[in-house]
S.K.: 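Here it is, the structure in full.
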Amino acid sequence: MIKFFKNTYIFLPIIYFIGAALDSGETFWRDIPYGLPFLALGIYFLWVDKVNYLLLLMAYLCHVVFDLVYFLLVEQSYMIPLYEEICIVYDLVVALIIFKKKN
């Protein structure tokens, strides 16, 4: 299960990149710097065979923070309704699973 979460982490920023690109080129270029750290982590997770549990846990928790900030600061999200809320719950559940597996 951890391997699944490690290998699918890259989809978190890609979904936002696609949503931004579909909204407009301006939105895409505005938001891409915020997603690059998550994309870099996703590529790293795909590249390594065995990932540090703490790093993966922190990556998902950082994405929760990103989603919360995005939800609170962006007035008109280009994502589908309730996307940020669903993503926050998903990231938290995954983080809890990783934490439980670690211990």
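Numbering starts at 1 and runs along the sequence shown. Since the structure is predicted, the reported quantities are computational estimates derived from the model, not experimental observations.
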S.K.: Distance check, rounded to the nearest 0.5 Å: C62 atom SG versus D67 atom CG?
M.R.: 11.5 Å
S.K.: Please determine whether residues L41 and F99 belong to a single hydrophobic cluster, defined as Ile, Leu, Val, Met, Phe, Trp and Tyr linked transitively by side-chain heavy-atom distances below 4.5 Å.
M.R.: yes
S.K.: Tell me if the aromatic rings of F66 and F38 count as close, with their centers under 6.0 Å from one another.
M.R.: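 Yes, ring centres under 6.0 Å apart.
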S.K.: Output all residues satisfying side chain to side chain donor-acceptor pair (under 3.5 Å) with N7, sequence neighbours left out; order by chain, then residue number.
M.R.: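 Residues passing side chain to side chain donor-acceptor pair (under 3.5 Å) with N7: none at all.
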S.K.: So, using ring pair (Phe, Tyr, Trp, His ring centres under 6.0 Å) as the criterion, who are the partners of Y83 when residues are at least two apart?
M.R.: Y16
S.K.: Please say yes or no: joined through hydrophobic side-chain contacts below 4.5 Å, possibly via intermediate residues, are L68 and I80 part of one cluster?
M.R.: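 Yes; I80 is reachable from L68 via cluster members.
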S.K.: Given side-chain contact (heavy atoms from CB on, under 4.5 Å), test F17 with D31 step by step and report yes or no.
M.R.: CA-CA 8 Å; F17 289 156; D31 287 3; 6.0 Å; no
S.K.: Say whether, by atom type as modelled, one donor and one acceptor occur between the side chain of T27 and the main chain of D23 under 3.5 angstrom.
M.R.: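 Not confirmed, T27 side chain does not pair with D23 backbone.
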S.K.: Determine whether S24 and R30 make a side-chain contact, defined as any pair of heavy atoms from C-beta on separated by less than 4.5 Å.
M.R.: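 Counting from C-beta outward, S24 and R30 never come under 4.5 Å.
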S.K.: Do F11 and I86 land in one hydrophobic cluster if side-chain heavy atoms of ILVMFWY residues count as linked below 4.5 Å?
M.R.: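 Not linked; separate clusters.
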S.K.: What pair of heavy atoms forms the shortest contact from G19 to M79, and how long is it?
M.R.: CA-SD, 4.0 Å
S.K.: Determine the minimum heavy-atom distance between G35 and P13, stating which atoms define it.
M.R.: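 Between these two residues, the closest heavy atoms are O-CB, 3.8 Å.
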S.K.: Would you say L82 ends up clustered with L92 if hydrophobic residues are merged whenever their side chains have heavy atoms under 4.5 Å apart, either directly or through other cluster members?
M.R.: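 L92 and L82: separate clusters.
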S.K.: Could you give the distance from CG (L39) to CD1 (I14), rounded to the nearest 0.5 Å?
M.R.: 6.0 Å
S.K.: Going from CG on L12 to CG on D91, what distance comes out if it is rounded to the nearest 0.5 angstrom?
M.R.: 5.5 Å
S.K.: Side-chain heavy atoms nearer than 4.5 Å, only ILVMFWY residues, links allowed to pass through others: does that put V64 and V69 together?
M.R.: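 V64 does not cluster with V69.
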S.K.: Side-chain donor-acceptor contacts of residues 44-61 below 3.5 Å, not counting sequence neighbours, with atom names and distances?
M.R.:
from: N52; atom 1: OD1; to: L54; atom 2: N; distance (Å): 2.7
from: N52; atom 1: OD1; to: L55; atom 2: N; distance (Å): 3.2
from: Y60; atom 1: OH; to: F5; atom 2: O; distance (Å): 2.9

S.K.: More than 12 foreign heavy atoms under 6.0 Å from CZ of F71: is that the case here?
M.R.: no
